[in-house]
Amino acid sequence: MKIAFVGKGGSGKTTLSSLFVRHLAASGAPVIAVDADINQHLGAALGLEEADAAALPALGEHLPLIKDYLRGSNPRIASAGTMIKTTPPGEGSRLLRVQEDNPVYDACARPVELDGGAVRLMVTGPFTDADLGVACYHSKTGAVELCLNHLVDGPDEYVVVDMTAGSDSFASGMFTRFDMTFLVAEPTRKGVSVHRQYKEYARDYGVELKVVGNKVQGQDDIDFLRAEVGDDLLVTVGHSDWVRAMEKGRPPRFDLLEQPQHDALRRLRSAADATYARRDWERYTRQMVHFHLKNAQSWGNERTGADLAAQVDPGFVLHEGVTAPA
């Protein structure tokens, strides 16, 4: 299951995504955690020391390797250099699976131990001074989108992505790559304004969207969120001494997390798992192609000097049973 956490800056989405990753890991589920936020805080939220988090390999720095591996023997892709962030897989492409070892994971993923379990953590890398004036942050997240386009995951396998804040996620087609999107919203006017933006953007793409009310202090906050987001409100979360200790770098054992928080995380997982029965791989592939053609026409063809529409394999549908070359 591919799951995104989104929300405005300061909403607590990184904290909640890290709690969800811990919850999944505690159950023994295989998890890949991805930090795709411009502010790289997921590693620290998962317990890494600051130096260790800063030393994580950036996906963007390994983009040539990622492209070369995923291209495989796809005859429609002339070279790895002609691949862009939206390039879809086709016959001959290599695919990524959650429970495997491959050169992409070897280069870009690192294990993080969580209360006896372990997850793979991948990061886009921070936006640096060298990027100022010459790049946008979406050039960083392009590696994430390309990997998601080539990812085949099954039930009880999880890829959890901490997305960039606000509505920036809609600058590409990556927002359509998820089975479930959890929007973390505070009970404020600014907090719910992001929900309206997401709802409007996602309406035509069948995006599964649920709201997690965070920093909720009482029934009045719950009533406010319910009035603003309606049935999209899935669960609310209040103050947690465990989270406060985690933010100080001293997290207790995860089983000591307060019961209401454990209950909320179980509801998130149940909601995400329920989307599996509604998976539509043909629509998923069609949306992938849609955004690829848009990018090809607007900038990709000019930048690569190739007709990127020719990369689309009209007979290929990504799904769990598809095989790929070794």
Side-chain angles (χ1 to χ4, degrees), residues 1-7 13-14 16-25 27-37 42 85-86 88-89 95-100 119-122 141 144-164 169-170 172-185 194-195 198-199 201-212 229 231-235 264-292 317-322:
M1 310 302 295
K2 295 179 285 291
I3 299 160
F5 279 81
V6 300
K13 66 179 182 58
T14 297
L16 281 166
S17 60
S18 72
L19 289 176
F20 190 61
V21 167
R22 289 174 184 270
H23 168 75
L24 296 172
S27 73
V31 183
I32 297 175
V34 182
D35 192 344
D37 193 0
L42 184 58
K85 63 182 181 179
T86 51
L95 304 176
L96 301 174
R97 298 182 184 272
V98 175
Q99 299 184 73
E100 69 172 8
V119 302
R120 280 176 166 147
L121 175 61
M122 304 171 75
T141 59
V144 180
E145 187 169 355
L146 189 60
C147 287
L148 290 175
N149 279 359
H150 291 74
L151 177 71
V152 180
D153 58 309
D156 301 318
E157 297 177 334
Y158 299 90
V159 178
V160 180
V161 182
D162 181 18
M163 297 282 278
T164 191
S169 304
F170 291 95
S172 74
M174 194 159 68
F175 73 97
T176 66
R177 303 296 83 200
F178 300 101
D179 297 289
M180 173 62 76
T181 297
F182 291 125
L183 190 150
V184 181
V194 178
H195 171 262
Y198 265 77
K199 193 77 169 177
Y201 286 133
R203 182 176 294 113
D204 296 332
Y205 295 97
V207 172
E208 297 267 4
L209 179 68
K210 289 295 181 183
V211 173
V212 182
V229 307
D231 292 339
D232 285 345
L233 182 63
L234 177 65
V235 70
L265 293 171
R266 278 193 287 268
R267 290 193 64 185
L268 296 186
R269 183 174 183 176
S270 294
D273 288 346
T275 65
Y276 182 76
R278 301 192 291 275
R279 272 191 171 182
D280 184 344
W281 285 104
E282 289 189 359
R283 185 186 71 184
Y284 186 80
T285 305
R286 188 168 60 249
Q287 289 175 345
M288 193 189 312
V289 169
H290 168 75
F291 283 102
H292 180 62
V317 176
L318 187 69
H319 59 89
E320 289 176 55
V322 70

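Computation of the quantities below employed the complete heavy-atom set of this structure, encompassing side-chain atoms and omitting hydrogens, waters and symmetry-equivalent molecules.
- Under the 30°/60° scheme for interplanar angles, the aromatic rings of Trp281 and Tyr284 are found to stand perpendicular.
- For the pair Arg286 and Asp280, the salt-bridge criterion is not met [side-chain N within less than 4.0 Å of a carboxylate O].
- In this structure the side chain of His195 reaches within 4.5 angstrom of the side chain of Leu209, judged on heavy atoms.
- Minimum heavy-atom separation, Ala29 to Arg269: CB-NH2, 4.0 Å.
- Looking at heavy atoms from C-beta onward, Ile3 lies out of side-chain contact with Phe178 at the 4.5 angstrom threshold.
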message = Walk me through whether Asp156 and Met1 qualify under side chain to side chain contact (heavy atoms under 4.5 Å, CB included).
response = CA-CA 7 Å; Asp156 301 318; Met1 310 302 295; over 6 Å; no

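- Of the possible polar contacts, one joining the Asp179 side chain to the Lys2 backbone as a donor-acceptor pair under 3.5 Å is found.
- In this structure, CE on Met174 lies 6.5 Å from CG on Leu148, to the nearest 0.5 angstrom.
- Looking at every heavy atom in both residues, Val322 comes nearest to His319 through CG1-O, 3.0 Å.
- When all heavy atoms are compared, the tightest approach of Met288 to Pro89 is SD-CD, 3.3 Å.
- Considering OG of Ser18 and CG of Leu121, their distance stands at 11.0 Å, rounded to 0.5 Å.
- Around the CD atom of Glu282, the shell of radius 6.0 Å holds no more than 12 heavy atoms that belong to other residues, nucleotides or ligands.
- With Asp162 contributing its side chain and Ser17 its backbone, the two residues share no donor-acceptor pair below 3.5 Å.
- Residue Ala4 comes nearest to Met163 through the heavy atom pair CB-CG, 3.9 Å, listed as atom of the first residue, atom of the second, then distance.
- A 4.5 Å side-chain heavy-atom check between Tyr198 and Val6 finds at least one atom pair inside the cut-off.
- A salt bridge between Arg97 and Glu157 is absent, with no side-chain N of the basic residue lying under 4.0 Å from a carboxylate O of the acidic one.
- Looking at heavy atoms from C-beta onward, Lys85 lies out of side-chain contact with His292 at the 4.5 angstrom threshold.
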ask   = Please walk me through it: do Lys199 and Asp232 pass side chain to side chain contact (heavy atoms under 4.5 Å, CB included)?
value = CA-CA 10 Å; Lys199 193 77 169 177; Asp232 285 345; 2.8 Å; yes

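- Between Leu265 and the options Val235, Leu19, Val21, a side chain to side chain contact (heavy atoms under 4.5 Å, CB included) holds for only Leu19.
- Residues Thr141 and Thr164 are not in side-chain contact: their nearest non-hydrogen atoms beyond the backbone lie 4.5 Å or more apart.
- Between His290 and Tyr205 there is a side-chain heavy-atom pair separated by less than 4.5 Å.
- Taken to the nearest 0.5 Å, the NE2 atom of His23 stands 12.5 Å off from the CG atom of Leu16.
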Worked verdict on Arg267 versus Leu234 for side chain to side chain contact (heavy atoms under 4.5 Å, CB included) = CA-CA 8 Å; Arg267 290 193 64 185; Leu234 177 65; 4.0 Å; yes

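- Across all their heavy atoms, Gln287 and Arg177 have their closest contact at CB-NH2, 3.6 Å.
- In the model, Tyr158 has a side-chain atom that pairs as donor or acceptor with a side-chain atom of Asp273 under 3.5 Å.
- Lys210 places no side-chain N or O within 3.5 Å of a backbone atom of Leu233 that could act as its donor or acceptor partner.
- Relative ring orientation between Phe182 and Phe5 is described as tilted, the plane-to-plane angle lying within the 30° to 60° band.
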task = Apply the test side chain to side chain contact (heavy atoms under 4.5 Å, CB included) to residues Val160 and Val34: give CA-CA distance (whole Å), side-chain angles for both, the deciding distance (0.1 Å), then the verdict.
result = CA-CA 6 Å; Val160 180; Val34 182; over 6 Å; no

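- Considering only heavy atoms from C-beta on, Glu145 comes within 4.5 Å of Thr86 through its side chain.
- No more than 12 heavy atoms of other residues, nucleotides or ligands sit less than 6.0 Å from atom CG of Asp231.
- Heavy atoms only, all atoms of each residue included: Gly154 and Glu320 are closest at CA-OE1, 3.6 Å.
- Contact annotation: the side chain of Leu318 approaches that of Leu95 to within less than 4.5 Å [non-hydrogen atoms, C-beta and beyond].
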